[in-house]
Amino acid sequence: MDLEQLNDIANRMVAHGQGILAADESTGTIKKRFDTIGIESTQDSRRDWREMLFRTQPAMNDCISGVILYDETIRQKAADGTPLVELIAASGAVPGIKVDTGAKDLAGAPGEKVTEGLDGLRDRLNEYHQIGARFAKWRAVIDIGREGDDSIPSPYCVDVNMHALARYAALCQEAGIVPIVEPEVLMDGDHGIERCYEVTEYGLKALYKALYDQGVELEGTILKPNMIIAGKTCADQASVEEVADMTVQCLANCVPAAVPGIAFLSGGQSDEEATAHLNAMNAAYDLPWPLTFSYGRALQAAPLKAWGGQNVEAGQAAFNHRARMNSLAAKGEWNAELEKAG
């Protein structure tokens, strides 16, 4: 393992004013997205959609530092024969790969999940490195019980997920790949913001203990956490300032300063909410790590609708706008008037 090289890649991934495009939807997930615009999901249509994003300028050059790919996509070539990983690298962004195989039911814990994918991971990582991936992503899913049920998440669920994240991270570093560790506390449900804080803090502390125990070098990792936010069906939704304040407080309590950067998931927030929350954190706080974005739907929903399967110019215009808004938020320079101007 070359820690200096891993640290250099990690720092590139959280470069000032840039963030990560999560384009790693599974074939099943992207079919659901395509269904909303009436487009058949085929290898070619999936390629065309992602190629359009990866060729978008100035977004890819100025706002996107890395792209998370799916196994199919990292092997695909653009319509002109150029490998998609080369398109991404040519824009200055780092190609990455999703390596988990999804959240499955956790034995002995009804209603809870554990993320799988460790079997054969060493060989897969070595292959992905040869293809061009320089970072990877693994997502753990932590749910919160409904109607005040504080038995979910169980300590068992949190521990097995954080243990798997640390095993994945150690294998990534061995292969010369920067691991994004993503312990997502879901915003589904009726819990308040305080409960989200409590569960997120518990999970992050368990994560960093597992990473330490398994010898993962924090300087060669990126954290991809949820923001501290009330559940979708909670009657009491917090203000932008409260979300920012509680998220920063939680991270300050849990995340070592050695971590090169934090790239938030959007987790079901609307496009503008995800941008506003990120901006509020960067505008108001001086922190030991850069805070940026690693958004999927919050970067892609507007471009997908504008593209509609054929209108490349409109799709790229929408992607340029969303990427620029989030780039400004990563610098604490966004405001709602800029949204309207776009």
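Nearest heavy atom pair, residue I144 against residue C196, reads CD1-CA, 4.0 Å. Of all heavy-atom pairs spanning P183 and M162, the tightest one is CB-CE, 3.7 Å. The nearest pair of heavy atoms linking A306 to N311 is O-CB, 3.7 Å. The minimum heavy-atom distance between D236 and A230, with the atom names listed, is O-CB, 3.8 Å. Of all the heavy atoms in C234 and H191, the pair that sits closest is CB-O, 3.3 Å. Contact record, D159 with A206: OD1-CB, 4.4 Å, taken as the closest heavy-atom pair.
For the residue pair Y285/D245, the side-chain donor-acceptor check at 3.5 Å is satisfied. Of the N and O atoms on the side chains of Y197 and N253, at least one donor lies less than 3.5 Å from an acceptor on the other residue. Donor-acceptor pairing under 3.5 Å is lacking for the side chains of T42 and R47. Defined by atom type and a distance below 3.5 Å, a donor-acceptor pair is present between the side-chain atoms of T200 and N226.
Remark: the backbone N or O of E40 is paired with a side-chain donor or acceptor of S45 at under 3.5 angstrom. In this structure, D24 contributes its side chain and Y70 its backbone to no donor-acceptor pair below 3.5 Å. Side chain of T115 to main chain of A103: no donor-acceptor pair is present (N/O by atom type, distance under 3.5 Å, no hydrogens or angles). Under a 3.5 Å cut-off, the side chain of D188 and the backbone N or O of D143 do not form any donor-acceptor pair. With Q76 contributing its side chain and P83 its backbone, the two residues share no donor-acceptor pair below 3.5 Å. Looking at Y202, its side chain never comes within 3.5 Å of a backbone N or O of P155 through a donor-acceptor pair. Put simply, the side chain of S327 never gets that close to the backbone of C63: no donor and acceptor are under 3.5 Å apart. Side chain of E273 to backbone of S270: a donor-acceptor contact under 3.5 angstrom is found. Panel note: side chain E219, backbone L6; no donor-acceptor pair is recorded below 3.5 Å. Formation of a donor-acceptor pair under 3.5 Å by the K137 side chain with backbone atoms of I97 is not found in this model.
Taking the six-membered ring for Trp and thresholds of 30 and 60 degrees, W49 and F34 have ring planes more than 60 degrees apart, a perpendicular arrangement.
In this structure, L121 and L118 have side chains that are in contact, with non-hydrogen atoms separated by less than 4.5 Å. Side-chain contact check for F135 versus T221: every heavy-atom pair is 4.5 Å or farther apart. Counting heavy atoms from C-beta on, the side chains of Y168 and V181 come closer than 4.5 Å.
E127 has no carboxylate O lying under 4.0 Å from a charged side-chain N of R124, or vice versa, which leaves the two without a salt bridge. A salt bridge does not link K340 to E272: none of the charged side-chain nitrogens sits closer than 4.0 Å to a carboxylate oxygen. The existence of a salt bridge linking E339 and R322 is confirmed by a sub-4.0 Å separation between a basic side-chain nitrogen and an acidic carboxylate oxygen. Using a 4.0 Å cut-off between a side-chain N of Lys or Arg and a carboxylate O of Asp or Glu, D62 and R324 do not qualify as a salt bridge.
For the pairing with Q300, the side-chain contact (heavy atoms from CB on, under 4.5 Å) check across K305, E25, R50 returns one residue only, E25.
Y212 and Y208 end up in different hydrophobic clusters when Ile, Leu, Val, Met, Phe, Trp and Tyr side chains are linked at under 4.5 Å. A single hydrophobic cluster is not seen to contain both Y295 and W334; linkage of ILVMFWY side chains at heavy-atom distances under 4.5 Å, directly or through other members, places them apart. Each of L186 and L165 belongs to its own hydrophobic cluster when Ile, Leu, Val, Met, Phe, Trp and Tyr are linked at side-chain heavy-atom distances under 4.5 angstrom. Under the 4.5 Å side-chain heavy-atom criterion for Ile, Leu, Val, Met, Phe, Trp and Tyr, V259 and L278 are members of the same hydrophobic cluster.
The CD1 atom of I222 sits 5.0 Å away from atom CE of M13, with the distance rounded to the nearest 0.5 Å.
Counting only residues at least two apart or on different chains, the side chain to side chain donor-acceptor pair (under 3.5 Å) pairs with a member in residues 82-97 are D80-T82.
Listed by chain and residue number, nothing satisfies the ring pair (Phe, Tyr, Trp, His ring centres under 6.0 Å) test with F319 (two or more places apart in sequence, or in another chain).
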request  = Please step through side-chain contact (heavy atoms from CB on, under 4.5 Å) for the pair W138 and E182, ending with a clear verdict.
outcome  = CA-CA 6 Å; W138 178 290; E182 180 178 355; over 6 Å; no

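Annotation for R75: atom CZ counts as buried by contact number, over 12 foreign heavy atoms lying within 6.0 Å.
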